[in-house]
Q: 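Take this structure, written in structure tokens, and hold onto it; I'll ask about it next.
Because only heavy atoms are used, hydrogens play no part in the values below, and waters and symmetry mates are left out as well, while side chains stay in. Numbers for residues simply follow the sequence, beginning at 1. No experiment lies behind these values; they were computed from the predicted model shown.
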Amino acid sequence: MAAYAAAEKGHFVTLFEKNEKLGKKIYITGKGRCNFTNDVPAEDFLQNVVRGKKFLTGAIYAFSPQKTINLLENYGLSIKIERGNRAFPTSDHASDVTKTLEKACKSAGVSIHLNEKVEKIITSMSDIIPMSDIAEHTTPDIGIMPRVVKVKTEKNEYDCDEVIVATGGISYPSTGSTGDGYLFAQECGHTVTDLKTGLCGLNLHGSAHTSLQGLALKNVTFTVKNGNKTVYEEFGEMLFTHFGVSGPIILSASSMINRLPLEKLTATVDLKPALDEQTLDKRLLRDFEKYKNKQISNAFVELLPQKLIPVVLSVASVSANKAVNAITKEERARLVKTLKAFPLKLRSLRGFEEAIITSGGVELSEINPKTMESKRVKGLRFCGEVLDVDAFTGGFNMQIAFATGYAAGKNIE
């Protein structure tokens with residue numbers, strides 16, 4: 001998108017891709033279907049941004065999800081909108097999005113170099129001041145502002161007036177996202193914030209989750225608190241796995257808590273969010289009456305999935321073999337509490353090899369939000385995931401990449 005926008009403006013643009021084909025990461029997005037944007041107005045879109053909302057506001061309004069859809073349709077992509085306003089190619093083939101973007105670039109005159117890795121961005125001060133010290137030398141008092149002069153690849157050196165870094169993060173490194181952009185940024189005097197996994201599963205302490213592996217829960221509420229403060233709460237679907245938990249509401253939670261000390265957080269699942277404690281207690285009493293001559297484990301068959309029953313009873317410290325008619329009022333109260341706040345002990349976030357996005361990146365205060373240009377090096381721009389911006393799932397992160405890429409290319413004079 002950055003290359004296309006710059007070429008459309010009339011500039012001579014060269015796109016360097018270290019892989020053997022373009023858009024390798026696009027091929028795995030949306031489970032290979034590519035949920036490339038979310039068809040909502042800009043103001044609604046921004047409500048789904050986790051970090052960088054203020055920074056992104058101008059770019060999202062200037063190049064909205066509707067403009068992304070229109071551009072891709074203009075270059076021949078047939079598009080459909082699914083649940084949650086998620087936009088996909090009608091074919092369900094992510095490769096069609098890549099082909100369309102490649103077609104747009106070629107029609108605008110972009111020169112594409114495949115299998116050519118960029119090794120260094122050379123500035124006018126590269127030989128005078130160590131690149132890592134540039135930040136200290138670009139003060140208003142001194143008035144020195146280095147500018148981009150060349151790009152060095154493994155094959156050649158190329159003169160240039162502008163460089164746009166659109167390298168992505170370090171998630172799914174097998175696709176080529178190996179953090180090159182962060183290194184370029186640091187070498188040019190930029191700050192890179194701590195990199196964390198985002199939109200990923202959560203590892204849990206203990207072993208209870210292993211017996212629940214494969215169990216999907218619908219219509220539950222996942223809550224995370226830091227002391228008394230609720231830092232995340234969402235209703236939806238989740239999944240127990242061999243490592244802990246995953247699924248839509250867990251992925252979103254990971255992006256909200258990845259910069260907090262996990263050992264201080266408390267996480268719970270409300271297994272029956274439609275019922276308050278009093279109503280749930282009455283429901284239990286009805287079920288207990290119905291199964292009064294059975295063991296307590298049999299009294300939950302209408303309320304919980306079979307796999308979950310022994311775990312809930314264990315957490316509530318109620319013997320699975322105990323007769324229903326022998327359950328005390330205190331035990332029933334513990335069962336209600338457990339159903340309304342089933343505890344999960346968070347251990348860690350899943351790794352970058354499976355995180356959907358990288359959270360963290362180039363410090364936003366060092367970038368012009370309108371043009372994506374560096375405030376440290378003239379002619380250097382950053383866009384997409386390499387910046388410290390991220391959002392929830394649903395096509396929002398790809399739209400951020402498109403909007404910031406468009407801003408970077410379009411605003412080159």
Side-chain angles (χ1 to χ4, degrees), residues 30-31 33 35 38 40 44 47-48 50 81-86 199-204 206 208-225 230-257 265-288 290-291 296-316 318 332-346 350 356 391-396:
K31 295 177 181 171
R33 297 172 58 221
N35 171 202
N38 196 285
V40 290
D44 295 340
Q47 295 310 307
N48 287 277
V50 177
I81 308 298
E82 294 191 359
R83 182 172 58 88
N85 302 304
R86 295 172 302 159
L199 299 180
C200 62
L202 300 173
N203 295 316
L204 297 179
H209 57 273
T210 53
S211 66
L212 298 173
Q213 184 177 339
L215 176 64
L217 298 178
K218 293 185 176 182
N219 305 321
V220 296
T221 298
F222 182 57
T223 303
V224 183
K225 290 188 174 185
T230 299
V231 293
Y232 179 82
E233 188 168 87
E234 194 61 55
F235 173 85
E237 300 176 22
M238 61 176 284
L239 173 73
F240 285 96
T241 69
H242 65 286
F243 57 78
V245 284
S246 188
I249 57 177
I250 302 298
L251 297 182
S252 294
S254 70
S255 286
M256 294 293 288
I257 66 173
L265 305 181
T266 54
T268 57
V269 181
D270 185 344
L271 297 167
K272 295 293 164 186
L275 307 175
D276 60 26
E277 286 195 13
Q278 198 175 1
T279 311
L280 182 57
D281 189 42
K282 288 177 182 173
R283 166 70 195 269
L284 282 187
L285 284 170
R286 285 201 307 274
D287 285 356
F288 285 7
K290 188 175 180 179
Y291 295 98
I296 185 65
S297 55
N298 293 314
F300 282 91
V301 291
E302 296 176 31
L303 197 65
L304 293 174
Q306 190 64 47
K307 261 186 179 180
L308 198 52
I309 295 170
V311 182
V312 165
L313 291 171
S314 173
V315 169
V318 176
R332 198 176 78 242
R334 291 203 301 271
L335 286 165
V336 169
K337 292 280 186 201
T338 303
L339 290 169
K340 292 298 288 177
F342 182 77
L344 299 177
K345 185 122 179 73
L346 304 180
R350 296 296 284 171
I356 295 174
F392 293 131
T393 54
F396 298 102

Q: Once rounded to the nearest 0.5 Å, what's the spacing between atom CG of N203 and atom CG of L344?
A: 12.5 Å

Q: Can you sort out the partners of I356 under side chain to side chain contact (heavy atoms under 4.5 Å, CB included), two or more places apart, ordered by chain and number?
A: L199, L251, T393

Q: What is the minimum heavy-atom distance between F240 and L212, and which atoms define it?
A: CB-O, 3.2 Å

Q: To the nearest 0.5 Å, what is the distance between CD1 (I250) and OH (Y232)?
A: 7.5 Å

Q: Quick one: side chain to side chain donor-acceptor pair (under 3.5 Å) partners of Y291, sequence neighbours excluded?
A: E302

Q: Output all residues satisfying side chain to side chain contact (heavy atoms under 4.5 Å, CB included) with A208, sequence neighbours left out; order by chain, then residue number.
A: V311

Q: Measuring only between side-chain heavy atoms, which start at C-beta, is V50 closer than 4.5 Å to F392?
A: yes

Q: Checking the side chain of N48 only, and the main-chain atoms of A391 only, is there a donor and an acceptor separated by less than 3.5 Å?
A: no

Q: Applying the side-chain contact (heavy atoms from CB on, under 4.5 Å) criterion to L215, which one of V245, L308, L239 satisfies it?
A: L308

Q: With a 4.5 Å heavy-atom cut-off, do K225 and T268 have their side chains touching?
A: no

Q: Testing the basics here: between L202 and F243, what is the closest heavy-atom pair and its distance to 0.1 Å?
A: O-CD1, 3.6 Å

Q: Not counting sequence neighbours, which residues clear side chain to side chain donor-acceptor pair (under 3.5 Å) with Q278? List them please.
A: none

Q: Show the atom names and distances, to 0.1 Å, of all donor-acceptor pairs under 3.5 Å that link a side chain in residues 216-224 to residues at least two apart or in another chain.
A:
from	atom 1	to	atom 2	distance (Å)
T223	OG1	E233	OE2	2.9

Q: With rounding to the nearest 0.5 Å, note down the distance linking OG1 in T279 to CG in L284.
A: 11.0 Å

Q: For side chain to side chain contact (heavy atoms under 4.5 Å, CB included), just list the numbers for L303 and K272, CA-CA rounded to whole Å, side-chain angles, deciding distance to a tenth of an Å, and then say yes or no.
A: CA-CA 9 Å; L303 197 65; K272 295 293 164 186; 3.9 Å; yes

Q: Got a sec, which pairs hit salt bridge (charged side-chain N to carboxylate O under 4.0 Å, His left out) with one end in residues 274-284, sequence neighbours left out?
A: E277-K337, D281-R332, R283-D287

Q: Taking only residues two or more places apart in sequence, or in another chain, which ones meet N38 in a side chain to side chain contact (heavy atoms under 4.5 Å, CB included)?
A: V40, N85, R86, F396

Q: Taking only residues two or more places apart in sequence or in another chain, which ones pass side chain to side chain donor-acceptor pair (under 3.5 Å) with K340?
A: D270

Q: Mind jotting down which residue pairs meet the side chain to side chain donor-acceptor pair (under 3.5 Å) criterion with at least one end in residues 236-254? Sequence neighbours excluded, please.
A: none

Q: Going by the rule side chain to side chain contact (heavy atoms under 4.5 Å, CB included), which residues pair with A316 if we only count those two or more places apart in sequence or in a different chain?
A: V318, R334, L335, T338

